[in-house]
Engineer: 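The structure's right below; bear with me while I get my questions together.
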Amino acid sequence: EVENVHSEYDTYVLVIGESVRKDYHGVYGYPIENTPFMSSTKGVIVDGLTSGGTNTVASLRLMFTHSKTPDWQPRYEASFVDLANSADIETIWISNQGFFGTFDTPITAIAEKSKIKRFIKKEAYNSKNTDDLVLLSPFKTFLEKKTKKTRLIILHLYGSHPYICDRLHGFTPNYTVDNQYYRDIACYVTSIHKTDHFLQQVKEALDQYANNFDKRYSMIYFSDHGLAHRELDGRMTINNNFAVKQHYDIPLIKISSDDTERVVIKRQK
C-alpha cells in the first residue's frame, strides 16, 4: 500500500533499450564516439548495472516486478506499474516490441497494467521491422495533453535487436568496415548511435514540454540485456545464442530537468 506520495517531478519517462551491452557505448569508453548525446548531457551516468537475464523476458520480468527470492521468480501481481498506479500516477506504455508471442506476452502482461497502452505491433516482436522513431509522435502527443496528475511514460524500443543491420532504416552516420567479416559489428555500433539520437529527441521534447507548461521531468534509460559475439556463416555476428559476462553489463543513465552537472558513478547495481 502507498501511504504517501511526494513526486519531485511532473512527468517521469522510462526508455527501455533492447540488446545493448554497455561496452559498445562511447559514453562508457568505446573508442568510437557513437553516443554524442549521452557523452555530453548533464545527468547521472551509472557504470555497473547488471541485468536480470540474457533475453528480454528473462531480464525484464525480474527487473520490473518485486521478485521472489532466493529462487528469483517474478511476481506479476507486484510490478512497478502496479506501484505507480497505486500512487495514482497516470501510466502510459508505448512499445515497439511485440504484443503477443512466445517472447512477448510475459512483458505485455506487465504493460497491460498501464492505464494507457500503445503497441506498434499487435503480433510478435519480429512481425514488423518498425523504426523506433515512430514512438516519438505518440510520446509528444501525450506530453502535450494537459493533466493535473503525475505521469509515468514508458518507451520500449526495438533498438539493437538482431538482425541488427535491419534496425538502421537508413540512419546516418552508418559506420562501415573494409572487411565484411565485421559488417554486423559496424551495424551494432550504428544502432547504438541511433538509440542515442532517439534519447536526444526525447530530451528535446521534454525540454519543450517543461518550457511551455512550466513542468519538471526526469527520464531514465537502460537496456534489458546485452549480446555476445559469435562467428556464423563466415562472419562475426552479435546475438544472444549463448551467455557471456557482457550479456549482463548494461547502461543506466538518468537525466532530469533540474540537472546542473554531469555525474559518473561507478557502482555495482
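Please read these numbers as outputs of a predicted model, since none were measured by experiment. All heavy atoms count here, side chains included; hydrogens, waters and symmetry mates do not. For the single chain, residues carry numbers from 1 onward in sequence order.
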Engineer: If you round to the nearest 0.5 Å, how far is CG of Asn129 from CG of Asn96?
Structural biologist: 8.5 Å
Engineer: For the pair Ser256 (side chain) and Asp258 (backbone), establish whether a donor and an acceptor sit closer than 3.5 Å, ignoring hydrogens and angles.
Structural biologist: no
Engineer: Has Arg183 got a side-chain atom pairing as donor or acceptor with Val177's backbone, closer than 3.5 angstrom?
Structural biologist: no
Engineer: Which heavy atom in Val5 sits nearest to a heavy atom in Ser7, and how many Å separate them?
Structural biologist: CG1-OG, 3.6 Å
Engineer: Less than 4.5 Å apart, side chain to side chain, heavy atoms only: is that true for Asp196 and His25?
Structural biologist: no
Engineer: Counting N and O atoms only, with roles assigned by atom type, does the side chain of Asp10 sit under 3.5 Å from a partner on the main chain of Arg216, one being a donor and the other an acceptor?
Structural biologist: yes
Engineer: Determine whether Asp131 and Phe171 make a side-chain contact, defined as any pair of heavy atoms from C-beta on separated by less than 4.5 Å.
Structural biologist: no
Engineer: Are side-chain heavy atoms of Val46 and Phe222 found at a separation under 4.5 Å?
Structural biologist: no
Engineer: Are Asp224 and Ile250 packed together at the side-chain level, in the sense that at least one heavy-atom pair is separated by less than 4.5 angstrom?
Structural biologist: no
Engineer: Val134 and Leu136: same hydrophobic cluster, using ILVMFWY side-chain contacts below 4.5 Å?
Structural biologist: yes
Engineer: Can you list the steps and then say if Tyr24 with Leu227 is a side chain to side chain contact (heavy atoms under 4.5 Å, CB included)?
Structural biologist: CA-CA 10 Å; Tyr24 269 91; Leu227 293 175; over 6 Å; no
Engineer: For Tyr163, is the OH atom crowded, meaning more than 12 foreign heavy atoms sit under 6.0 Å from it?
Structural biologist: no
Engineer: Taking everything shown except Asn211 itself, do over 12 heavy atoms lie less than 6.0 Å from its CG?
Structural biologist: yes
Engineer: Does a side chain donor of either Asp207 or Tyr217 reach within less than 3.5 Å of an acceptor in the other side chain?
Structural biologist: yes
Engineer: Kindly give the heavy-atom pair with the smallest separation between Leu62 and Ser67, and that separation in Å.
Structural biologist: O-OG, 3.2 Å
Engineer: If you measure from CD1 on Ile220 to CD1 on Ile16, what distance do you get to the nearest 0.5 Å?
Structural biologist: 11.0 Å
Engineer: Does the side chain of Asp249 come within less than 4.5 Å of Asp23's, by heavy atoms?
Structural biologist: no
Engineer: Check whether any side-chain heavy atom of Thr11 lies under 4.5 Å from a side-chain heavy atom of Lys215, and answer yes or no.
Structural biologist: no
Engineer: In the structure I gave you, are the side-chain heavy atoms of Asp132 and Glu18 within less than 4.5 Å of one another anywhere?
Structural biologist: no
Engineer: Under 4.5 Å between side-chain heavy atoms, counting indirect links through other Ile/Leu/Val/Met/Phe/Trp/Tyr residues: same cluster for Leu83 and Ile110 or not?
Structural biologist: no
Engineer: Take Ser79 and Asp82 through the test side chain to side chain contact (heavy atoms under 4.5 Å, CB included) and record every step on the way to the result.
Structural biologist: CA-CA 5 Å; Ser79 74; Asp82 291 312; 3.0 Å; yes
Engineer: Could you tell me whether the side chain of Ser114 and the main chain of Ile116 form a donor-acceptor pair under 3.5 Å?
Structural biologist: no
Engineer: Do other residues, nucleotides or ligands put more than 12 heavy atoms under 6.0 Å from His66 NE2?
Structural biologist: no
Engineer: Without swapping roles, check the side chain of Ser218 against the backbone of Tyr12 for a donor-acceptor pair under 3.5 Å.
Structural biologist: no
Engineer: Quick check: closest heavy atoms across Asn240 and Thr54, and the distance to 0.1 Å?
Structural biologist: ND2-O, 3.4 Å
Engineer: Applying the 4.5 Å side-chain criterion to the ILVMFWY set and letting contacts propagate, would Val244 and Leu49 be lumped into a single cluster?
Structural biologist: no
Engineer: If you count the non-hydrogen atoms of other residues, nucleotides and ligands that lie under 6.0 Å from OH in Tyr182, is the total more than 12?
Structural biologist: no
Engineer: Before giving the answer on side chain to side chain donor-acceptor pair (under 3.5 Å), spell out for Thr35 and Glu33 the whole-Å C-alpha distance, their side-chain angles and the decisive distance to 0.1 Å.
Structural biologist: CA-CA 6 Å; Thr35 58; Glu33 183 46 273; 3.0 Å; yes
Engineer: Quick one: closest heavy-atom pair of Phe242 and His247, and the distance?
Structural biologist: O-CE1, 2.6 Å
Engineer: Does Phe142 belong to the same Ile/Leu/Val/Met/Phe/Trp/Tyr cluster as Val202, with side-chain heavy atoms less than 4.5 Å apart forming each link?
Structural biologist: yes
Engineer: With rounding to the nearest 0.5 Å, note down the distance linking OH in Tyr28 to CG in Leu252.
Structural biologist: 6.0 Å
Engineer: Out of curiosity, Gln97 CD to Tyr158 OH, how far, rounded to the nearest 0.5 Å?
Structural biologist: 7.5 Å
Engineer: If we ignore hydrogens and angles and just use 3.5 Å, is the side chain of Thr108 paired with the main-chain N or O of Ala111 as donor and acceptor?
Structural biologist: no
Engineer: Taking the side chain from Lys266 and the backbone from Asp47, do they hold a donor-acceptor pair closer than 3.5 Å?
Structural biologist: no
Engineer: I need the Ile94 CD1 to Lys117 NZ distance, nearest 0.5 Å.
Structural biologist: 13.0 Å
Engineer: Would you sort out whether Tyr30 and Ile192 count as a side chain to side chain contact (heavy atoms under 4.5 Å, CB included), showing the intermediate values?
Structural biologist: CA-CA 11 Å; Tyr30 189 66; Ile192 293 173; over 6 Å; no
Engineer: Under 6.0 Å from the CD atom of Gln208, do we count more than 12 heavy atoms belonging to anything else shown?
Structural biologist: no
Engineer: Minimum heavy-atom separation for Lys22 and Pro251, please, with both atom names.
Structural biologist: CB-N, 4.1 Å
Engineer: Rounded to the nearest 0.5 Å, how far apart are CG of Leu168 and NZ of Lys194?
Structural biologist: 6.5 Å
Engineer: Tell me whether the centres of the aromatic rings in Phe80 and Phe64 are closer together than 6.0 Å.
Structural biologist: yes
Engineer: Could you please spell out the steps behind the salt bridge (charged side-chain N to carboxylate O under 4.0 Å, His left out) verdict for Asp233 and Arg235?
Structural biologist: CA-CA 6 Å; Asp233 297 330; Arg235 199 167 68 197; over 6 Å; no
Engineer: Could Asp184 and Arg230 be called an ion pair, given the rule that one side-chain N must be under 4.0 Å from one carboxylate O?
Structural biologist: no
Engineer: Mind checking whether Val44 and Leu14 sit in one hydrophobic cluster, side chains of I, L, V, M, F, W, Y counted as touching below 4.5 Å?
Structural biologist: yes
Engineer: Check whether any side-chain heavy atom of His156 lies under 4.5 Å from a side-chain heavy atom of Ile107, and answer yes or no.
Structural biologist: yes
Engineer: Check whether any side-chain N or O of Thr41 sits under 3.5 Å from a backbone N or O of Phe37 as a donor-acceptor pair, and report yes or no.
Structural biologist: no
Engineer: Just wondering, are more than 12 heavy atoms of other shown residues or ligands nearer than 6.0 Å to CG in Asp71?
Structural biologist: yes
Engineer: So which heavy atom on Tyr188 is nearest to which on Val20, and how close?
Structural biologist: OH-CA, 3.3 Å
Engineer: Please lay out, stage by stage, how Thr150 and Tyr9 fare under the test side chain to side chain contact (heavy atoms under 4.5 Å, CB included).
Structural biologist: CA-CA 8 Å; Thr150 302; Tyr9 300 98; over 6 Å; no
